[in-house]
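Take a look at the structure set out below.
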Number of protein chains: 2
Amino acid sequence: MSELNERAQLLLKALTERYIRDGQPVGSRTLAREAGLKLSPATVRNVIADLEDLGLVRSPHTSAGRVPTVQGYRLFVDTLLSVKPLEQETVEELQENLEIEGDSRGLMETASSLLSDVTRLAGVVTLPRHEHASLQRVEFLPLSNRKVLAILVISDTEVQNCILNTERDYGAAELQQYSNFLNEQFAGKELHSVRATLLAELRETREHLNRMMTTAMTMADKVLGEAEKGSDYVLAGQTNLMDCDELCNVTTLRHLFEAFDEKREILGLLDQCVESEGVQIFIGEESGYQMLDECSLVTAPYTVDGKVLGVLGVIGPTRMAYERIIPIVDATARILSAALNPRD
Amino acid sequence: MSELNERAQLLLKALTERYIRDGQPVGSRTLAREAGLKLSPATVRNVIADLEDLGLVRSPHTSAGRVPTVQGYRLFVDTLLSVKPLEQETVEELQENLEIEGDSRGLMETASSLLSDVTRLAGVVTLPRHEHASLQRVEFLPLSNRKVLAILVISDTEVQNCILNTERDYGAAELQQYSNFLNEQFAGKELHSVRATLLAELRETREHLNRMMTTAMTMADKVLGEAEKGSDYVLAGQTNLMDCDELCNVTTLRHLFEAFDEKREILGLLDQCVESEGVQIFIGEESGYQMLDECSLVTAPYTVDGKVLGVLGVIGPTRMAYERIIPIVDATARILSAALNPRD
DNA sequence: TTTAGCACTCCCGGTGCAAGAGTGCTAACA
DNA sequence: TGTTAGCACTCTTGCACCGGGAGTGCTAAA
């Protein structure tokens with residue numbers, strides 16, 4: 001119950017580090033050697049027994065060593081962890097590869113693979129949210145066969161296009177009129193307010209507006225619908241998880257991969273991380289999602305102009321090298337933010 | 001060796017069907033009952049011994065029943081298989097969901113998930129190849145921050161866009177000039193010839209052309225480069241493979257999933273299927289790729305205007321229900337082709 | 001050519017055993 | 001009072017062994 005004294009903390013730290021390193025339950029003899037304290041195994045056993053009472057460690061079976069519980073990990077990452085400073089080469093690798101080039105989806109994909117390569121775990125990056133983005137411009141181009149190409153420019157790096165099926169062919173000039181109209185009225189407005197206005201006007205004044213307006217609005221609305229539903233993420237390096245021995249049974253993996261495919265739950269979890277300022281960590285069952293029971297998630301938000309656009313992170317086994325992963329996730333988020341912010 | 005007599009064929013068929021059904025090596029007693037012939041187990045054993053000499057079946061160990069070898073499966077699918085006619089509801093499900101709406105990538109994604117849902121295996125669809133596609137139109141739109149949005153219209157259902165970093169800002173009018181120029185010169189030409197011409201002209205006459213042309217061409221070339229390298233595929237339902245007991249060990253799965261991520265090898269294999277007219281099947285090691293040793297691949301090409309644009313198919317364990325899978329793949333390819341072909 | 005009979009092989013699950021690792025407890029020690 | 005040595009105990013792990021079951025291959029008879 002009382003606060004953990006220094007020795008107990010040190011032992012928990014040593015135990016956790018050792019267990020993270022080689023995945024075997026740690027016994028008192030090993031720990032006594034490991035911790036650097038001049039203590040006999042018997043003494044260590046006494047301390048460990050206390051830690052067990054506090055629910056910080058447990059033994060897989062009667063005569064095995066101890067492994068950290070979720071609470072043990074929590075305490076470890078919150079107060080005991082000494083994060084490694086990043087190696088310069090890792091930072092450089094990240095910086096070199098996160099030069100913005102092309103659209104933002106491509107960038108998120110690189111970020112995700114970089115994360116997974118550097119950490120040897122699964123990397124995940126949510127696509128930028130458009131909620132507070134504003135509409136820069138809309139363009140319509142005629143295609144053949146009663147189709148129209150709609151292009152939605154949200155920012156320099158964020159363009160969405162969508163092919164609309166219409167009830168007749170439109171000419172270039174006519175479409176130009178529509179887009180001019182929309183641009184005049186809505187350019188610079190926030191996407192969701194644009195959409196709300198459009199919907200309202202469509203409903204209320206359908207009769208009063210001329211045919212052109214209606215068509216333009218219906219089109220614009222369809223495109224916006226596409227753009228808004230785009231809550232999504234990019235995952236890379238799932239296969240790395242198949243190397244972790246704690247996840248290495250087919251049923252666990254299956255649940256995990258199904259959740260990746262399903263996306264909904266993972267997205268829900270990632271959305272929770274948008275709030276936090278810096279690195280956030282979910283350990284094992286803390287996430288509240290069963291398929292992540294044996295996993296931890298380390299995330300950090302990325303921003304443009306101080307506004308959080310999304311989060312990136314790493315999914316791996318609970319027993320991951322936090323002291324290495326945390327700074328990597330942190331740095332990646334910073335570098336990605338830097339890449340997204342328009343310089344000069 | 002002599003031709004297989006009818007009885008041997010019948011037994012091989014029964015054996016394969018039975019093995020596909022429940023995954024256990026089939027013994028002579030079971031087979032004698034199964035085949036419907038009035039034969040004693042001993043007789044069956046004799047026949048089976050011949051099949052084994054021919055390399056069509058093998059036993060996992062001395063005193064187990066027999067399972068088909070790759071050659072056995074080959075013979076089975078080539079000459080013994082009685083394909084099930086598709087259930088009407090499956091066809092309807094496919095047809096309803098493969099209505100074209102939006103761009104072709106979306107369509108391929110639906111096709112892929114449909115395949116995986118209906119077969120309970122992994123579905124794969126290659127994206128349409130652009131090699132013989134022709135350029136319908138190019139458009140450039142100015143963005144801020146020294147960026148230009150290039151849009152490449154290939155067909156009604158195939159649009160590609162790409163954000164170019166340029167060395168200065170361009171105005172709308174100027175860009176319009178460029179695209180007009182390119183459209184006049186290249187609209188309707190095949191993509192790769194457009195590209196070749198561009199490259200050649202760029203090299204040879206760089207000095208003679210005015211600045212505008214050069215810029216326009218460089219831009220167009222960048223976009224085309226993007227468009228051409230786009231040999232890619234969409235995969236769905238990988239997790240289904242985790243249910244197949246023959247693939248259910250982590251190392252096999254890892255190799256497989258790594259190959260899926262890598263894409264190169266799988267693409268190579270899929271490209272080989274472009275040639276064939278109809279359904280094509282690779283069984284186990286026939287594919288030549290080690291990670292597919294325990295897998296079979298059933299593919300069929302999809303076409304527009306009689307030209308093959310790509311292939312779709314199903315990846316599953318060697319022991320899959322061919323008589324059900326083959327017609328599904330076949331039908332899906334037809335329906336997808338129909339959806340892509342401009343009607344009316 | 002087909003079949004019955006039979007010895008043989010191999011897998012599989014259960015059991016027993018010994019070694020090893022680690023614990024919890026107790027009693028002695030500083 | 002905190003630390004340590006000693007010791008009995010528990011539990012895993014690997015190994016060998018055994019018996020039943022399934023299925024084969026061979027031989028000889030129908």
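Residue numbering restarts at 1 for every chain, and letters A, B, ... go by the order of the sequence lines. For the numbers below, each heavy atom of this structure counts, side chains included, while hydrogens, waters and symmetry mates do not.
Chain A approaches DNA chain D over the interval dT3(D) to dT12(D), counting the first and last nucleotide 5' to 3' with an atom under 4.0 Å from its heavy atoms.
At least one side-chain nitrogen or oxygen of R7(B) sits closer than 4.0 Å to the OP1 or OP2 atom of dT2(C).
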Using nucleotides 10-20 of chain C, report all nitrogen or oxygen pairs with the protein that are shorter than 3.5 Å.
from	atom 1	to	atom 2	distance (Å)
dC10(C)	OP1	T62(B)	OG1	3.4
dC10(C)	O5'	T62(B)	OG1	3.4
dC10(C)	O2	S63(B)	OG	3.0

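The salt bridge (Lys or Arg N to Asp or Glu O under 4.0 Å) test applied to K263(B) returns D232(B), not counting sequence neighbours. Annotation: salt bridge (Lys or Arg N to Asp or Glu O under 4.0 Å) contacts of R319(A) (sequence neighbours excluded): D245(A), E246(A). P85(A) pairs by the side-chain contact (heavy atoms from CB on, under 4.5 Å) definition with nothing, not counting sequence neighbours. Evaluation of the ring pair (Phe, Tyr, Trp, His ring centres under 6.0 Å) rule for F260(A) yields F257(A) as partners, not counting sequence neighbours. With sequence neighbours excluded, the residues satisfying side-chain contact (heavy atoms from CB on, under 4.5 Å) with V91(B) are L86(B), Q95(B), I335(B). Residues meeting the side-chain contact (heavy atoms from CB on, under 4.5 Å) test with A259(A), sequence neighbours left out: I266(A), M291(A).
Among residues at least two apart or in separate chains, salt bridge (Lys or Arg N to Asp or Glu O under 4.0 Å) pairs with a member in residues 58-68 of chain B are E52(B)-R66(B). Residue pairs satisfying the salt bridge (Lys or Arg N to Asp or Glu O under 4.0 Å) criterion with at least one member in residues 286-300 of chain B, sequence neighbours excluded, are listed as follows: R74(B)-E286(B).
Among the atoms of the strands shown, base atoms are found under 4.0 Å from some heavy atom of A42(B).
For DNA chain C, the neighbouring residues in residues 22-40 of chain A, judged by any heavy atom under 4.0 Å, are G27(A), S28(A).
A 6.0 Å sphere centred on CZ of R324(B) holds more than 12 heavy atoms belonging to other residues, nucleotides or ligands.
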Report all side-chain donor-acceptor pairs from residues 27-43 of chain B shorter than 3.5 Å, counting only partners two or more places apart or in another chain.
from	atom 1	to	atom 2	distance (Å)
S28(B)	OG	R45(B)	NH1	3.2
E34(B)	OE1	R18(B)	NH1	3.1
E34(B)	OE2	R21(B)	NH2	2.8
S40(B)	OG	A42(B)	N	3.4
S40(B)	OG	T43(B)	N	3.3
S40(B)	OG	T43(B)	OG1	3.0

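In this entry the distance linking CD of E6(B) with P of dT1(C) reads 17 Å, nearest Å.
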